[in-house]
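Have a look at the structure below, then the notes.
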Amino acid sequence: MSKVYESIMAGLTEAVEDAQSKDNKLRRRVVTIVPVKEYSASEIQAIRKSTGLSQRLFAGYMGVSDKTVEAWEAGKNRPSGAASRLLTMMEMDADLTKEFPFVKVLD
């Protein structure tokens, strides 16, 4: 048998033994995920302005169309899922676009 198989089997055996015993010896962790934030039009615009990007460049950075960013900032639509997570990251770190430059501005 391969070492990988033996390692997996040892781990499974250890987990079963721990689950069946009264004294839990294996470390347990509780993981929670922060809900996706809903952004208002003014919050999105403030985040975009903090990056120094135009709507067009911001859209390119976010991986959405120019019209999508326009709709977000007009309050017609709201970002969801990955776009909201990326906005949260930008809100936490205004230099994110400089640290991870998916859009390059030529001087």
Side-chain angles (χ1 to χ4, degrees):
M1 285 189 228
S2 74
K3 289 185 179 187
V4 173
Y5 174 81
E6 289 173 14
S7 175
I8 292 170
M9 289 307 295
L12 289 173
T13 301
E14 185 179 16
V16 169
E17 288 172 0
D18 186 68
Q20 292 173 345
S21 77
K22 292 181 182 177
D23 302 323
N24 295 333
K25 295 178 183 176
L26 296 178
R27 187 180 83 185
R28 287 165 169 71
R29 290 189 285 197
V30 175
V31 177
T32 59
I33 298 173
V34 176
V36 175
K37 181 177 176 180
E38 290 187 19
Y39 285 92
S40 69
S42 60
E43 288 174 314
I44 296 165
Q45 189 174 44
I47 292 168
R48 179 182 60 78
K49 286 184 176 182
S50 75
T51 66
L53 297 175
S54 65
Q55 282 186 340
R56 184 173 187 210
L57 290 175
F58 189 76
Y61 190 86
M62 296 291 293
V64 298
S65 72
D66 302 2
K67 294 291 183 189
T68 298
V69 172
E70 287 176 23
W72 290 347
E73 291 188 4
K76 294 178 184 174
N77 292 331
R78 290 189 176 193
S80 61
S84 287
R85 290 287 189 210
L86 190 52
L87 284 168
T88 299
M89 292 169 65
M90 288 179 183
E91 190 174 36
M92 296 169 84
D93 182 3
D95 290 332
L96 189 73
T97 57
K98 293 177 183 93
E99 293 170 28
F100 300 95
F102 302 125
V103 174
K104 295 188 181 192
V105 179
L106 303 175
D107 295 323

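Along the sequence shown, residues are numbered consecutively beginning with 1.
Contact of the L96 side chain with the Y61 side chain is registered, since non-hydrogen atoms from C-beta on lie closer than 4.5 Å. Counting only heavy atoms from C-beta outward, the side chains of M90 and T97 approach each other to under 4.5 Å.
Side-chain atoms of T88 come within 3.5 Å of backbone N or O of S84 as a donor-acceptor pair.
Here E73 contributes atom CD and I47 contributes atom CD1; the two are 10.0 Å apart, rounded to the nearest 0.5 Å. In this structure, OG in S65 is found 10.5 Å from CD in Q55, a value given to the nearest 0.5 Å. To the nearest 0.5 angstrom, F58 atom CZ is 5.0 Å from L87 atom CG.
When the salt bridge (Lys or Arg N to Asp or Glu O under 4.0 Å) test is applied to E38, the partners found at least two apart in sequence or on another chain are R78. Not counting sequence neighbours, D23 has no partner by the salt bridge (Lys or Arg N to Asp or Glu O under 4.0 Å) test. Residues passing the side-chain contact (heavy atoms from CB on, under 4.5 Å) test with A71, sequence neighbours excluded: K76, N77. In this view, R28 and D18 satisfy the salt bridge (Lys or Arg N to Asp or Glu O under 4.0 Å) rule, not counting sequence neighbours. Partners of E14 by salt bridge (Lys or Arg N to Asp or Glu O under 4.0 Å), not counting sequence neighbours: none found.
Here salt bridge (charged side-chain N to carboxylate O under 4.0 Å, His left out) pairs that include residues 83-98, with residues two or more places apart or in two chains, are K37-E91, D95-K98.
Each of M92 and M89 belongs to its own hydrophobic cluster when Ile, Leu, Val, Met, Phe, Trp and Tyr are linked at side-chain heavy-atom distances under 4.5 angstrom.
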